[in-house]
Amino acid sequence: MKKNKKILVTAALPYANGPIHLGHLAGAYLPADIYVRYQRARNRDIIFICGSDEHGVPITIAAERQNVTPQAIVDKYYQIHKDSFEKFGIQFDNYSRTSLKIHHKMSQDIFLKLHGKGYLSEKTTTQFYCEHCDRFLADRYVEGICPFCNHEGARGDQCESCGRSIDQIELIEPHCVTCGNKPVIRETSHWFLNLKHYQHQIRDYLDKQNHWKENVKNFCYGWLNTGLEDRAVTRDLKWGVPVPLPGYEDKVLYVWFDAPIGYISSTIEWSQKIGQPEKWKDYWLDKETRLIHFIGKDNIVFHAIIWPLILMGHGDYVLPSDIPANEFLNLEGNKLSTSKNYAVWLDEYLAKFPPDPLRYCIAVNAPETKDSDFSWKDFQTRNNSELADILGNFVNRTLTFVNKNFDSKIPEAGELDALDQKMLTRIRKTPNRVGNFLENFEVRKALTNLMDLARFANKYFNDQTPWSTIRENPEKCKTTLNICCRVCKSLAILMQPFLPFSAEKLWSILNQEGVVSDCQWDDAAEADFPPGFTINSTAILFEKIEDDQIQPEIDKLKNIIAKRSTEDQPEVSKNNLISYDEFSKVQLRVARVLEAERVEKADKLLKLKIELGDETRQIVAGIAPYYQPSELVGKLIVVVANLEPAKIRGIESNGMLLAASLDDRSRLALVTVDSDITTGAKIK
RNA sequence: CGCGGGGUGGAGCAGCUGGUAGCUCGUUGGGCUCAUAACCCAAAGGCCGGAGGUUCGAAUCCUCCCCCCGCUACCA
């Protein structure tokens with residue numbers, strides 16, 4: 001890349017309704033921070049922009065549940081996020097928020113511009129409207145009886161009981177979540193982004209991004225190939241950026257539309273803060289700027305398809321030049337879940353451990369090409385056997401040696417032997433090697449190369465046996481230690497993007513002026529000291545982490561998993577007794593399978609035609625993973641004959657077959673009868 | 001079913017523009033003693049999910065299949 005280009009780095013705006021967890025860090029913030037710190041050390045013109053995303057329905061719901069204003073919710077999390085990032089060493093140039101005026105204005109301007117240029121079109125849809133609350137109900141604001149499973153309290157987007165997604169209009173006995181009244185169906189109009197019409201423009205743009213990661217491009221092409229649908233950019237809601245059009249006073253911009261605009265408004269806020277209010281234009285209006293969005297893979301569609309189209313539609317701004325989206329980080333083999341509290345929260349982590357071991361662990365195991373896993377055991381091992389034993393211990397053995405044997409003065413080098421030369425060459429080559437990987441967003445490889453320098457240095461120390469040469473050949477010993485000290489200084493500079501806190505600590509032990517983060521990357525290649533330079537006394541760079549420190553964390557996560565699986569089956573575990581009357585309501589009968597076939601687009605469902613006495617019925621059963629359709633035909637099974645009919649995937653099901661299964665569903669066996677009895681026979 | 005990602009020594013991964021399989025951790029044996037019981041050396045351990053095919057030659061390219069994960073979906 002051209003060295004003089006301006007670089008504008010953004011990290012996905014975190015949603016202000018919950019704390020930051022490991023997945024967020026691994027996906028976006030940490031790789032972005034490492035990249036930016038590195039580029040700063042290279043003296044590039046770079047800014048790092050972020051902020052919190054503070055609009056949208058989930059925030060209004062959280063506010064109502066807690067009986068506070070949405071503003072109070074976002075204020076709280078804005079502060080938590082900001083603090084956590086700071087303590088974790090994520091150095092944004094600006095951390096803004098989308099509830100600011102400046103952002104509202106910017107979003108409205110862009111909306112109007114797109115509106116004026118024909119990128120938006122108005123469409124009318126039907127939605128529930130609560131006359132009591134005087135507002136349209138977003139999907140999650142309306143509850144009712146699930147049309148599929150009759151579960152009460154299903155929400156307008158999805159039924160928690162059967163898991164199916166619901167069109168809110170389909171809910172039986174719908175009621176407004178806030179006031180309980182029955183809503184009416186009303187027409188409402190919204191503006192849609194004409195994605196369908198402009199998809200060729202997007203494809204052309206994507207075709208040019210040859211340097212993007214393959215997973216990002218593939219993902220986008222997948223979307224394009226199935227065809228894009230227009231997306232609503234406005235919503236019937238009060239919390240958000242008001243739609244700047246007459247007749248739309250009670251509507252706001254859909255949160256996904258205004259959120260990425262936050263990158264621009266945050267940059268504007270930054271330039272105002274530094275007293276150069278026009279400075280933001282140097283980045284956003286210069287087509288040569290490299291605009292780099294660090295995001296998680298869940299955000300690819302917005303940043304690689306929709307957002308570029310918004311920018312193209314507007315016309316003035318630079319388009320994203322890189323979107324190094326990461327995959328997901330799992331936790332102890334399971335998916336992270338904010339709603340189920342299955343996560344390691346950054347603020348909680350920071351209350352117990354220092355930032356750098358986590359930065360290291362996540363960076364060295366970053367989900368760059370595929371999902372990766374974080375486990376506390378691995379965290380401990382990486383900290384103890386890598387950070388402490390290899391990096392920390394090398395620094396410690398070197399500096400302790402100098403303190404004890406050379407009165408804390410770095411000795412001067414004499415004649416160099418082959419090994420010394422080799423070590424020096426290594427020092428010279430490592431900065432560029434590490435740097436090149438970082439330029440390509442390959443954080444793992446970069447970090448591995450840094451650690452290799454420390455590994456090599458340990459070998460060098462061993463092979464030169466300074467503890468012997470101090471007596472037998474003091475000159476040689478001095479040379480060895482001089483070079484080892486240079487390794488330490490070099491390490492401090494190279495560590496800085498990854499392990500900023502430890503890097504500064506080492507920097508001050510080495511008695512260097514200022515902070516390492518002001519240091520030039522290339523200085524790591526020489527890293528020499530003036531003659532007679534004195535260092536400070538040493539301190540441990542990385543403390544070991546003991547079993548009893550991580551065990552509570554492991555147990556905590558295990559408990560959440562255990563709890564989750566018992567909660568899934570509350571009725572069964574209650575062990576309640578029922579009366580005979582209750583039992584007799586259930587009509588169990590013998591039936592014979594006449595036909596069986598798979599249900600299209602459903603991996604678990606089979607459609608069965610069964611003979612039940614005189615009648616023939618159709619039922620749908622979720623047993624496809626366990627039985628082939630062909631092996632079922634002719635089998636005698638037991639069905640619940642008086643279960644009310646249900647539509648499953650649009651297919652009528654009149655009854656339910658019985659089957660035994662293990663809790664984890666690893667096995668399932670049909671209930672059948674012992675001898676060939678007439679179908680329709682009752683089971684009592 | 002559809003889309004996407006993946007299956008490589010005990011664990012976690014690299015290699016995948018083809019040419020006798022590599023890294024880190026762990027294990028075993030040895031060395032050293034300056035150092036956070038750290039460091040260094042050596043060894044054991046993989047027929048690279050399965051079956052075909054292309055090729056002088058494939059973990060690496062093509063085809064089919066199996067399995068895992070995510071999205072989608074899903075009444076035991």
Side-chain angles (χ1 to χ4, degrees), chain A residues 146 148-151 161-165 214-215 218-223 225-226 297-298 300 327-328 330 333-335 364-365 367-375 377-378 380-382 384-405 442 444-445 448 451-452 454-455 457-470 477 480-481 484 538-544 569 572 598-605 619-626 640 643 646-649 653 655-663 665 667-671:
Chain A
C146 172
F148 303 103
C149 71
N150 293 318
H151 172 74
S161 179
C162 69
R164 247 160 310 181
S165 64
E214 227 173 293
N215 58 339
N218 284 342
F219 200 87
C220 294
Y221 282 127
W223 270 66
N225 291 340
T226 52
K297 70 173 168 186
D298 51 328
I300 290 177
E327 305 279 320
F328 285 146
N330 292 321
N334 294 95
K335 208 191 154 195
V364 82
N365 198 21
E368 281 168 2
T369 54
K370 57 186 174 188
D371 290 359
S372 64
D373 193 56
F374 175 92
S375 76
K377 199 69 204 160
D378 181 60
Q380 182 190 31
T381 305
R382 297 220 107 109
N384 293 0
S385 343
E386 295 183 24
L387 281 183
D389 291 350
I390 295 169
L391 212 177
N393 184 238
F394 170 73
V395 169
N396 188 242
R397 69 197 297 205
T398 297
L399 302 182
T400 306
F401 200 99
V402 172
N403 279 326
K404 280 187 185 163
N405 298 298
E442 294 180 279
R444 300 159 57 125
K445 283 187 186 166
T448 307
M451 291 304 288
D452 283 344
R455 286 196 182 91
N458 270 317
K459 180 173 165 52
Y460 169 75
F461 196 111
N462 257 58
D463 292 350
Q464 295 295 43
T465 63
W467 56 88
S468 302
T469 57
I470 184 112
C477 180
T480 305
L481 265 299
C484 285
T538 56
I540 296 295
L541 236 38
F542 304 99
E543 299 283 350
K544 295 272 178 113
Q569 306 191 336
V572 181
R598 300 191 80 100
V599 174
E600 270 185 47
K601 293 186 176 179
D603 57 355
K604 291 183 185 164
L605 298 183
I619 64 171
V620 176
I623 55 172
Y626 314 96
V640 181
L643 191 69
K647 264 200 175 176
I648 299 146
R649 291 304 238 111
S653 179
M656 181 176 106
L657 63 75
L658 298 188
S661 67
L662 299 179
D663 282 353
R665 298 208 204 169
R667 291 192 60 196
L668 178 142
L670 280 179
V671 173

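Scope of the values below: all heavy atoms of this structure, side chains included, with no hydrogens, waters or symmetry mates. Given the structure is predicted, the values throughout are model-derived calculations rather than measurements. Residue numbers begin at 1 in each chain, while the letters A, B, ... track the order of the sequences.
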Between B:C48 and B:A21 - P atom distance, rounded Å: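 Roughly 10 Å separates the two P atoms.
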Using atom C1' of each nucleotide, how far apart are B:G57 and B:G19 to the nearest Å?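 Those two atoms are separated by 6 Å.
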Which nucleotide sits closest to the side chain of A:N393: B:C34, B:U36, B:A38?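 Within the option list, the nearest is B:A38.
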Interatomic distance, [X] [atom1] vs [N] [atom2] [rounded to whole Å]:
X      : N     : atom1 : atom2 : result
A:L387 : B:A38 : CG    : P     : 15 Å
A:I470 : B:C34 : CD1   : P     : 11 Å
A:R455 : B:A35 : CZ    : P     : 23 Å

Per-nucleotide protein contact string for nucleotides 4-16 of chain B, where B marks a base within reach and S marks sugar-phosphate only (heavy atoms under 4.0 Å, - for neither): -SSS----SSS--
Mind checking what makes salt bridge (charged side-chain N to carboxylate O under 4.0 Å, His left out) contact with A:K445, not counting sequence neighbours?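 Residues passing salt bridge (charged side-chain N to carboxylate O under 4.0 Å, His left out) with A:K445: A:E442.
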Salt bridge (charged side-chain N to carboxylate O under 4.0 Å, His left out) with A:R444: which residues, sequence neighbours excluded?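 Here no residue qualifies.
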Would A:W467 pass as stacked on B:C34, i.e. its ring centre under 5.5 Å from the base's six-membered ring centre and planes under 30° apart?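 Yes.
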Under the 3.5 Å Watson-Crick or G-U criterion, the dot-bracket string of RNA chain B, with | for inter-strand pairs: .(((((((.[[[[.)...(..]]]].(((((.......))))).....[[[[[..)....]]]]])))))).....
Shortest non-hydrogen separation from A:C477 to A:P466 and the atoms involved: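 Heavy-atom minimum between the residues: SG-O, 3.6 Å.
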Donor-acceptor pair (no angle test) under 3.5 Å: A:N462 side chain, B:C39 base: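 Answer is yes: a donor-acceptor pair is held.
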Under the rule for side-chain hydrogen bond (donor to acceptor under 3.5 Å, both in side chains), what residues qualify as partners of A:D298, not counting sequence neighbours?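 A:D298 satisfies side-chain hydrogen bond (donor to acceptor under 3.5 Å, both in side chains) with no residue once adjacent residues are dropped.
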side-chain hydrogen bond (donor to acceptor under 3.5 Å, both in side chains) involving A:D373 - partner list, sequence neighbours excluded: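 Partners of A:D373 by the side-chain hydrogen bond (donor to acceptor under 3.5 Å, both in side chains) criterion come out as none, since no residue qualifies.
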Tell me what [X] touches on the nucleic acid: a base, only sugar-phosphate, or nothing, going by heavy atoms under 4.0 Å.
X      : value
A:F461 : base
A:K544 : base
A:I390 : sugar-phosphate

Closest-nucleotide ordering on RNA chain B, the 5'-leading residue of A:N330 and A:E386: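 Whichever sits nearer the 5' end wins; that is A:E386.
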